[in-house]
Asks: 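Submitted below is the structure of interest, expressed as structure tokens.
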Amino acid sequence: MIKMNKQTMVFLILTLVTVTAHSEDSLYQQLGGKPAIEKITKHLLDRLLNNEKINFLFKETERDDLHIKIVDQICMETGGPCKYEGLDMVEAHSGMNIKYSEFDIFVEDFILAMEDAEIPFRLQNKVLAIFAPMREDVSYE
Amino acid sequence: MKKKITVMVLGCLASIAVSAGSRQLGTGAVMQIEGASGSGIVSWATIAGYGENNETDVTAAYTYLDTDDYRFDMIGASVGWRNRIEVSFAKQELDLVTLGPVLGLPGASLKQDVIGAKVRLAGNLVYSKMPQISLGVQYKENQSFLIPSVAGAKDDSSMDYYLSATKLFLGKPWGFNGFATLTLRSTEANELGLLGFGGDLGSRHINAEASLGLFLNKSWAIGFDFRQKRSNLSFAGENHWRDVFVAWVPNRHFSLVAAYADLGTVATLPDQTGLYLSVNGSF
Ligand code: HEM
């Protein structure tokens, strides 16, 4: 049996409690809730619409409409209290023939938008992990 | 010296070139010691450069390793075609700093050329659930076979075959991006082939290689490599190789790797450890 003094015990329990409590915060909360997601989305659309490599794809896009949908989607996917009511990802992007290289450019702008919104690296990666598997729905080989 | 100038010129060219592929930063890995995309001593399943399935990238690298008793360097170039096929060429040289004079051959070195090819069979490093899986070959031709033949090596050229799986884990562990590689290599090489191929103890073996690491932020990664090695020459027993590395990838055109490598006993001289430095340019 490993011997532990009282202080070590208390410390271990406190550590455990903190770790578990922290992991119960949704990614949505860790990001900073709706205001942070609004900020990310604003920067994302600023970047996409000014990015000459891919902005031709957004020629006919209603910015305000897309903004609302993207905010709702990020909010919902990260565990926030929103409901995304737009098209599913295959429908939304079918017919656009988005190439993998264009998907990469989009992801890069998304990362830069999170940086603009001062989202820490480790939270950025958790958000990316949620959206990365959508590549096959959005772009084609 | 000439090599260093070539590399500097390539480096400059690389940093002014406008186009590199569009894959995310770091996903081209770096050129390992035999010219393949990977880390210091391990071949990975990655395809060199940043090209997507409609893009092609060229990568050049220079690597230097000093263990006091030996000085190793490699200059290499590779083409990554459409994130599907990689073709590489590397020239390696091992200066026998200590052994040369002992053998009455001051200034002697062991040299080898490696032509490599790799094909991505399945998966995607970043986006698929499964790892990226690639099959590679390395045709190795020793360019200084006199010493290896005296040491008992059977052949001056041979083929390595390897199957590799590499995965990047977004946000894992602890929100960082972790990466891992496992590679199985079928080889007859003695010390990569610098001491020729096969010997009195045997010839072909299947050896394991592995890398494990972490991106601490967008452009800094740390990790370690392990490479299993087995002995074909009773005269020159081999040890497994290891290194710990730090990589700096400020942009898609340039990367720098510093590592501390432990090569164990190499050609009778024990405790070969030293600093490994590598510069890569992609465009
Ligand atoms: C995982 C990555 C992506 C996510 C999560 C995403 C999300 C969305 C969402 C929620 C919509 C709105 C759908 C609706 O109207 O109901 C949308 C539409 C759109 N997306 Fe994406 N998207 C992704 C990747 C891309 C990429 C790579 C491009 C182009 C390079 C792109 C271009 C567009 C365009 C042009 C529209 C249509 C806007 C319109 O209706 O005019 N998306 N996307």
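Lettering follows sequence order; numbering is per chain, from 1.
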Asks: Looking at L123(A), I105(A), V107(A), which makes the most heavy-atom pairs under 4.5 Å with chain B?
Replies: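 Result: the option with the highest number of such pairs is V107(A).
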Asks: Could you tell me which non-hydrogen atom of F215(B) sits nearest to which non-hydrogen atom of F121(A), and how far apart they are?
Replies: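 Scanning both residues, the minimum pair turns out to be O-CE2, 3.6 Å.
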Asks: Name each donor-acceptor pair under 3.5 Å that joins a side chain in residues 32-44 of chain A to protein atoms two or more places apart or in another chain, with its distance.
Replies:
from   : atom 1 : to     : atom 2 : distance (Å)
E38(A) : OE1    : H67(A) : NE2    : 2.8
T41(A) : OG1    : I37(A) : O      : 2.8
K42(A) : NZ     : D46(A) : OD2    : 2.7

Asks: Between chain B and chain A, which donor-acceptor atom pairs come closer than 3.5 Å, counting both backbone and side-chain atoms?
Replies:
from    : atom 1 : to      : atom 2 : distance (Å)
S101(A) : OG     : N54(B)  : OD1    : 3.4
S101(A) : OG     : N54(B)  : ND2    : 3.0
D104(A) : O      : Q24(B)  : NE2    : 2.9
E108(A) : OE1    : R252(B) : NH2    : 3.1
E108(A) : OE2    : R252(B) : NH1    : 3.4
E115(A) : OE2    : K218(B) : NZ     : 3.0
R122(A) : NE     : W174(B) : O      : 2.7
R122(A) : NH2    : W174(B) : O      : 3.2
N125(A) : OD1    : N177(B) : ND2    : 3.2
N125(A) : ND2    : G175(B) : O      : 2.7
N125(A) : ND2    : N177(B) : OD1    : 3.3
R135(A) : NH1    : E52(B)  : OE2    : 3.4

Asks: Just wondering, more than 12 heavy atoms not from I206(B) lying within 6.0 Å of its CD1?
Replies: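 No, not enclosed.
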Asks: Got a sec: does the CD of E62(A) have more than 12 other heavy atoms crowding it under 6.0 Å?
Replies: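 12 or below, so no.
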Asks: Which answer fits I130(A), side chain, backbone, both or neither, if we ask what part of it has an atom under 4.5 Å from a heavy atom of chain B?
Replies: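 For I130(A), there is no contact with chain B at all, as no heavy atom is under 4.5 Å.
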Asks: With only heavy atoms counted, which part of L216(B) is less than 4.5 Å from chain A, the side chain, the backbone, both or neither?
Replies: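 L216(B) touches chain A through backbone heavy atoms alone.
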